[in-house]
Amino acid sequence: MAAADPAAEPPGVADMIRTAGERAGPALRALLTCSDLGLAVWDTGLRCVWANDVVARYDGIPRERRLGRPPRQALAGDAAGLEAVMREVLATGHCAVGREYRVPPGPGERAPRVHTASFLRLDDTDGRPLGVCLLVLDIRNGRGVGDRLAVISEAGARIGTTLDVMRTAQELADFSVPLLADYTTVDLTEAVRLGGEPLALLGSADGRVPTFRRAGAASVLDGTPESLWATGEAVYVPEASPFVQVLRSGRPLLQPRLDTSPGSWLDADPARAEKIDQYGMHSLLIVPVRARGLLMGVAVFVRAGNPAPFDEGDLLLAEELVSRAALSLDNARRYTRERTAALTLQRSLLPRRVDGGDALEVAARYLPADAEYSAGGDWFDVFGLPGGRTALVVGDVVGHGIAAAAAMGRLRTAIRTLADLDFSPADLLARLDRTSVHLSADNDESETERCTIGTTCVYAVYDPAARTCAVALAGHPPPVVTHPDGHVTFPELPPGTPLGYGVLPYESTVLDLPAGGLMALYSDGLVEDRRQDIDVGMERVREALARGRATPSLEDLCTEVVETLPTRAPRDDVTLLLARTR
C-alpha cells in the first residue's frame with residue numbers, strides 16, 4: 001500500500017488507512033492489495049490519500065499522479081461527474097453503487113475500457129465523516145459483474161420494452177455491449193418474419209446461404225463497422241459455420257479462442273475473415289434464441305478490444321440475457337402476426353370507397369386509435385336499397401385486434417343481409433341484436449363472440465323521393481344534421497341499447513333532409529375525451545360542421561372535422577361518415 005506525504009494528510013483518514021494496513025489479517029491485506037478490487041480513498045477535502053495498485057491498472061493513472069489530487073485530476077473519463085457523485089456521498093452518507101467508470105482507450109486499444117465504480121463514506125467511531133472510498137471493478141470480463149441477479153434484473157427492465165421485434169433485438173445487443181462483449185449481433189430466422197423477400201428465394205452466394213436476417217447489432221465502435229449487413233438485411237453464412245451448427249443443435253457454442261487457422265469454416269467466408277482480422281476479434285460466443293419450444297435465431301457475442309476470452313461465467317450470463325429477450329421476441333412475433341392478420345382482415349372488410357349514387361354525395365374517414373400496432377373495431381358502410389334509397393351505417397365493436405375485426409365483419413355482413421329484406425332501421429337493429437345474442441349464447445363463447453356484446457350502431461336509410469332519413473340507434477351517439485341555412489342540430493333520438501343484450505326494442509325516427517342538407521354519422525371516439533365532458537366534444541363537431549358548410553368537397557370537410565380532435569393520438573377509434581343530399 002502507498003500513502004501520500006504524511007504532512008499533507010489529514011490525521012484522521014491517514015491514520016485509519018495506515019492502521020488498517022498494519023493490523024489487517026492476511027485475508028484483508030490480500031483484499032486491499034492483491035485482489036481484482038481497485039480501491040482509492042479521498043479525505044473530506046476530496047484529496048486522494050491512498051490507492052492500491054489495482055485501480056492504477058484499471059485506469060492507467062500512476063499513484064504519484066493520483067495522491068494529493070481531487071477526483072477531477074485523479075480519475076479518467078468523466079472525472080467531473082464522478083467528483084459530483086463523491087461530493088453527494090460525502091454530504092449525505094448514502095452509498096452510490098454501480099456507476100459507470102469509462103476509461104479512454106490506451107495505446108494500441110480500439111475501444112474504451114468500462115468499469116463499474118461504487119462510492120461509500122468513511123466515518124469515525126462517532127459517525128463523523130473522514131472521507132470517501134472508491135471501489136472499482138472491471139465489468140467486461142464477466143468476473144466483475146458482481147451480483148449477476150442485479151444484472152439480469154436490469155436486463156428485464158431494459159430488454160423487451162415494446163412489442164416490436166426489431167427494437168427488442170436491438171435492446172439485447174445494446175445491453176450486452178460493453179457489459180459482456182465488444183460486438184453483438186442478433187440474427188433471426190424466418191420463424192420471425194421481418195419483411196423482405198423470403199430467404200429461401202434469395203439463393204446462395206459464394207458457397208454461403210441466406211439463413212438469417214439481421215435484427216440488431218451493437219459495438220463499442222461507432223457505426224458498428226464490424227457488421228457486414230445492415231439491420232433487416234439477409235445474413236449469409238456457410239453451411240459448415242458455427243452459426244448453422246448452433247441453429248441445428250439448439251445448443252450454445254463457446255470458443256474462448258476463435259479459430260482462424262487455414263482449413264476452418266472461415267475459408268468459405270472470406271469477407272467475415274477479413275473483418276475478424278481487421279478488428280482483432282479473438283473470442284466468440286453464440287447462443288440460440290429460443291422460447292416456448294421455437295428456435296428463432298442466434299445471438300452472437302464477440303470480443304476484440306477486451307483481451308479476456310469468454311468463459312463459462314460469460315456463457316451463463318449470455319444465456320440468461322438471451323432467454324429474457326427470447327420471451328419478449330416471441331411475444332412480439334405473435335403480436336405482429338396477429339396484428340398483420342387483423343389489419344388484413346379489417347382492410348378487406350371496410351369499403352375502399354363509398355358511393356351514395358345519384359341521391360347522396362358521401363365521404364368517410366377512419367382513424368384507428370392504435371394505427372401503428374393494432375386494428376380497431378369501428379366500421380362504416382354505404383350501400384343502395386330498392387327504390388333508389390341509400391343505407392348509411394356506422395358501428396363500434398368492443399376491443400381491438402383480430403377478434404374485434406372478425407366481429408365487425410360478422411355484423412357488417414349481417415346488416416347487409418338483413419337490409420336486403422327491406423326492414424325498417426328499428427326492425428333491422430332488433431334482428432341484429434338477436435343475432436348478437438345467439439352468437440354469445442354458448443357458455444364457451446369465443447373472444448370474437450364476446451366482442452359483439454356491447455357493440456353500438458347507427459343505421460340510417462335516406463329516401464330521396466321524400467327527402468327524409470329514417471334513423472335508429474343501438475347505444476350509439478346521435479347523428480348531426482346541417483340544414484341548408486347553416487343551422488346545425490343533434491336530433492333527439494331514442495338511444496336504444498347496445499347490441500347483444502336483447503332488453504329493449506328499438507325505435508326509428510324520421511328526419512327531414514332537404515336538398516343541400518348534410519348528415520354526419522360518427523363513432524364516440526370523435527366526441528369523447530377523458531379530460532372533457534362529451535358535450536364539449538359534440539359542440540366542437542357542431543362548430544366544425546357549421547364553419548365547413550360552404551366547403552365544396554366532403555373529403556376536405558372530413559379532414560377539417562377530424563383535425564379538431566384535441567390530440568393527434570386519440571384513445572379510441574374515430575369514424576366519420578358524411579352524406580350530403582344532391
J.: Without swapping roles, check the side chain of Arg47 against the backbone of Pro70 for a donor-acceptor pair under 3.5 Å.
T.: no

J.: State whether the side chain of Ser227 and the backbone N or O of Thr224 hold a donor-acceptor pair below 3.5 Å, judged by distance alone.
T.: no

J.: Atom CZ of residue position Arg158 - does it have more than 12 heavy atoms of other residues, nucleotides or ligands inside 6.0 Å?
T.: yes

J.: Other residues, nucleotides and ligands only: do more than 12 of their heavy atoms fall within 6.0 Å of CZ on Arg290?
T.: no

J.: Does CZ in Arg292 sit with more than 12 non-hydrogen atoms of other residues, nucleotides or ligands closer than 6.0 Å?
T.: yes

J.: Please report the shortest heavy-atom distance between Leu180 and Ala318, naming the atom on each side.
T.: CD2-CB, 3.7 Å

J.: Start with the C-alpha gap between Leu565 and Leu367, add the side-chain angles, then the distance that decides, and say whether side-chain contact (heavy atoms from CB on, under 4.5 Å) holds.
T.: CA-CA 11 Å; Leu565 287 166; Leu367 180 64; 4.1 Å; yes

J.: Side chains of Cys48 and Arg69, heavy atoms from C-beta outward: is any pair under 4.5 Å?
T.: no

J.: Within the distance-only criterion (no hydrogens, no angle test), does the side chain of Asp267 pair as donor or acceptor with the backbone N or O of Gly263 below 3.5 angstrom?
T.: yes

J.: Any salt bridge linking Arg167 with Asp164? Criterion: basic side-chain nitrogen under 4.0 Å from a carboxylate oxygen.
T.: no

J.: Run the numbers on Arg257 and Ser283 for side chain to side chain donor-acceptor pair (under 3.5 Å), then give the verdict.
T.: CA-CA 5 Å; Arg257 296 297 177 188; Ser283 193; over 6 Å; no

J.: Here's a test for you: under side-chain contact (heavy atoms from CB on, under 4.5 Å), which of Val186, Thr184, Asp182, Ile159 qualifies with Ser176?
T.: Thr184

J.: List the steps, then state whether side chain to side chain donor-acceptor pair (under 3.5 Å) holds for Arg57 with Asn52.
T.: CA-CA 9 Å; Arg57 188 170 76 238; Asn52 67 2; over 6 Å; no

J.: Assess whether a salt bridge exists between Glu319 and Arg324, defined as any Lys/Arg side-chain N lying under 4.0 Å from an Asp/Glu carboxylate O.
T.: no

J.: Between Tyr101 and Asp59, is there a side-chain donor-acceptor contact under 3.5 Å, judged purely by atom types and distance?
T.: yes

J.: So, Ser249 side chain and Gln245 main chain: donor-acceptor pair closer than 3.5 Å or not?
T.: yes

J.: Heavy atoms, side chains only, cut-off 4.5 Å: are Thr455 and Trp379 in contact?
T.: yes

J.: Would you indicate whether the side-chain heavy atoms of Val49 and Leu67 approach each other to under 4.5 Å?
T.: no

J.: At their closest point, which heavy atom of Pro238 faces which heavy atom of Val244, and how far apart are they?
T.: O-CG2, 3.5 Å

J.: Would Asp314 and Arg303 pass as an ion pair if we require N to O under 4.0 Å?
T.: yes

J.: Strictly distance-based, threshold 3.5 Å: is any side-chain N or O of His282 a donor or acceptor partner for the main-chain N or O of Ile276?
T.: no

J.: Which one of Leu228, Val302, Asp269 satisfies the side-chain contact (heavy atoms from CB on, under 4.5 Å) criterion with Lys275?
T.: Leu228

J.: Could you walk me through whether Asp378 and Tyr366 pass the side-chain contact (heavy atoms from CB on, under 4.5 Å) test, one step at a time?
T.: CA-CA 8 Å; Asp378 281 13; Tyr366 170 62; 3.5 Å; yes

J.: Evaluate the side-chain proximity of Val235 to Thr211: yes if any heavy-atom separation is below 4.5 Å, no if none is.
T.: no

J.: Please say whether more than 12 non-hydrogen atoms of neighbouring residues, nucleotides or ligands are located less than 6.0 Å from CD in Glu64.
T.: yes

J.: Just verifying a value: how many Å separate Glu312 CD and Leu317 CG, rounded to the nearest 0.5 Å?
T.: 13.0 Å

J.: Looking at side-chain heavy atoms only, is the closest gap between Leu284 and Ile286 below 4.5 Å?
T.: yes

J.: Quick one: does any side-chain atom of Glu171 pair with a main-chain N or O of Thr161 as donor and acceptor, under 3.5 Å?
T.: yes

J.: Determine, stepwise, if the pair His94 / Val89 fulfils side-chain contact (heavy atoms from CB on, under 4.5 Å).
T.: CA-CA 5 Å; His94 299 305; Val89 170; over 6 Å; no

J.: What closest approach, in Å, do Gln255 and Asp259 show between heavy atoms, and which atom pair accounts for it?
T.: OE1-N, 3.7 Å

J.: Donor-acceptor check, side chain of Glu83 to backbone of Arg72, threshold 3.5 angstrom: yes or no?
T.: yes

J.: Does the Asn331 side chain pair with the main chain of Leu327, one donor and one acceptor, at a distance under 3.5 Å?
T.: yes

J.: Is the shortest heavy-atom distance from the side chain of Pro288 to the side chain of Pro252 under 4.5 Å?
T.: yes

J.: Please round to the nearest 0.5 Å and tell me the distance separating atom CG of Leu266 and atom CZ of Arg272.
T.: 8.0 Å

J.: I'd like to check Asp123 versus Arg128 (side-chain heavy atoms, cut-off strictly below 4.5 Å). Are they in contact?
T.: no

J.: So, for Pro225 and Leu221, which heavy atoms are closest and what is the spacing to 0.1 Å?
T.: CD-CB, 3.8 Å

J.: For Phe119, check ring-ring contact (aromatic ring centres under 6.0 Å, His included) against everything at least two apart and list the hits.
T.: none

J.: Could you go through Val298 and Phe212, starting from their C-alpha distance and side-chain angles, then the distance that decides it, and tell me whether this counts as side-chain contact (heavy atoms from CB on, under 4.5 Å)?
T.: CA-CA 9 Å; Val298 296; Phe212 309 98; 3.9 Å; yes

J.: Which heavy-atom pair separates His115 from Tyr58 by the least distance, and what is that distance?
T.: NE2-O, 3.1 Å

J.: To the nearest 0.5 Å, what is the distance between CG on Asp174 and CG on Leu179?
T.: 12.0 Å

J.: Is any side-chain heavy atom of Pro309 less than 4.5 Å from a side-chain heavy atom of Asp311?
T.: no

J.: Check Ala218 against Val177 and note the closest heavy-atom contact, atom names and distance.
T.: O-CG2, 3.8 Å

J.: Report yes or no: does Thr189 contribute a side-chain atom to a donor-acceptor pair with the main-chain N or O of Met296 at less than 3.5 Å?
T.: yes

J.: With a sphere of 6.0 Å drawn around CD of Glu88, does it hold more than 12 non-hydrogen atoms of other residues, nucleotides or ligands?
T.: no

J.: Whether the side chain of Gln170 engages the backbone of Ala217 through a donor-acceptor N/O pair (distance < 3.5 Å, no angle test) should be reported.
T.: yes

